Every structure is written in structure tokens, then in C-alpha cells.
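From a predicted model like this one, the values you see are computed outputs, not experimental measurements. Atoms considered below: every heavy atom in the structure, side chains included; atoms not considered: hydrogens, waters and symmetry mates.
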Amino acid sequence: MQIAICDDIQKDLAAIRVALDTYAKAHPELHFDIDEYGAATDVLNAVEKGKIYDIALLDICIPGVLGTDAAEEMLAKSPDMGIVFLSTSVEYAALSGWRS
């Protein structure tokens, strides 16, 4: 499985990678190739050059190109790709049963 992770905050990128590595160790029957990007433009450049991902985990709030905009461009090239949006911003968080 080809996976792209894109987050402009290095500690968040590392935490996502640790979670994926932990999952991969628990499921040795699966094979993961994981590419990390610190900017949406970097992942878009890779896709433009022919890189194909099964899943992309994208931070929504990335300086320059938002993760949502990057997803739109990536899906135009690979419509079957799964997209998971990540955010530490309450503004974009999908909260179930949350009350302020």
C-alpha cells in the first residue's frame, strides 16, 4: 500500500508516522510504503511526476496550499485514492457529541 503523509509540523508528521509504523508491525502481512511531505506542494509535485498513492493523510491547514486543495488535485489524478484529513484546529475538526 502506497501512503502519503503531509503535515507542515514536524512533530505531527513524526506522530503520524509512528502510528502507521505501529499498525504495520501489528499487521506484518501488509506492506506499506510511506512517503512524508512537509508541504502540500511537495506531495503535489510527486503526484505530478507519476507517484500514485492508495491513501493520503493530509493536514488541512498547510501554508501555501491547503490540504483540501491538494486533495482535490490529487483525486483528479487518482480518483480511487483514499483521503484522510487531519487537523489540530477545532475550526476544521469533526466532533461527535462535543459541547462547548
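- Nearest approach of A40 to A70, heavy atoms of both residues: CB-CB, 3.9 Å.
- One hydrophobic cluster, built from ILVMFWY side chains closer than 4.5 Å, cannot hold both I83 and L86; they sit in different ones.
- Y53 and M74 get closest at one heavy-atom pair: CD1-CE, 4.3 Å.
- For the residue pair D54/Q2, the side-chain donor-acceptor check at 3.5 Å is not satisfied.
- In this structure the side chain of L30 never reaches within 4.5 angstrom of the side chain of M1, judged on heavy atoms.
- Residues C61 and L66 come closest through the heavy atom pair CA-CD2, 4.2 Å.
- One hydrophobic cluster, built from ILVMFWY side chains closer than 4.5 Å, holds both I60 and L44.
- C6 approaches V43 most closely through the heavy-atom pair SG-CG1, 4.3 Å.
- Clustering ILVMFWY residues whenever any of their side-chain heavy atoms sit less than 4.5 angstrom apart, transitively, puts I3 in a cluster other than the one holding I52.
- Put simply, CG on D33 and NZ on K51 are 6.5 Å apart, with the number rounded to the nearest 0.5 Å.
- Follow the hydrophobic side-chain contacts under 4.5 Å out from L57 and you never reach M81; the two are in separate clusters.
- To the nearest 0.5 Å, atom CG of residue L13 and atom NZ of residue K11 are 11.5 Å apart.
- Among all heavy-atom pairs drawn from I62 and D59, the shortest one is CD1-O, 3.3 Å.
- The two residues T68 and F85 have their closest heavy-atom pair at CA-CE2, 3.7 Å.
- Checked by atom type and distance alone, the side chain of D35 never pairs as donor or acceptor with a backbone atom of A4 at under 3.5 Å.
- Under the side-chain contact (heavy atoms from CB on, under 4.5 Å) rule, I5 has a single partner from I55, L58, L20, V84, which is L20.
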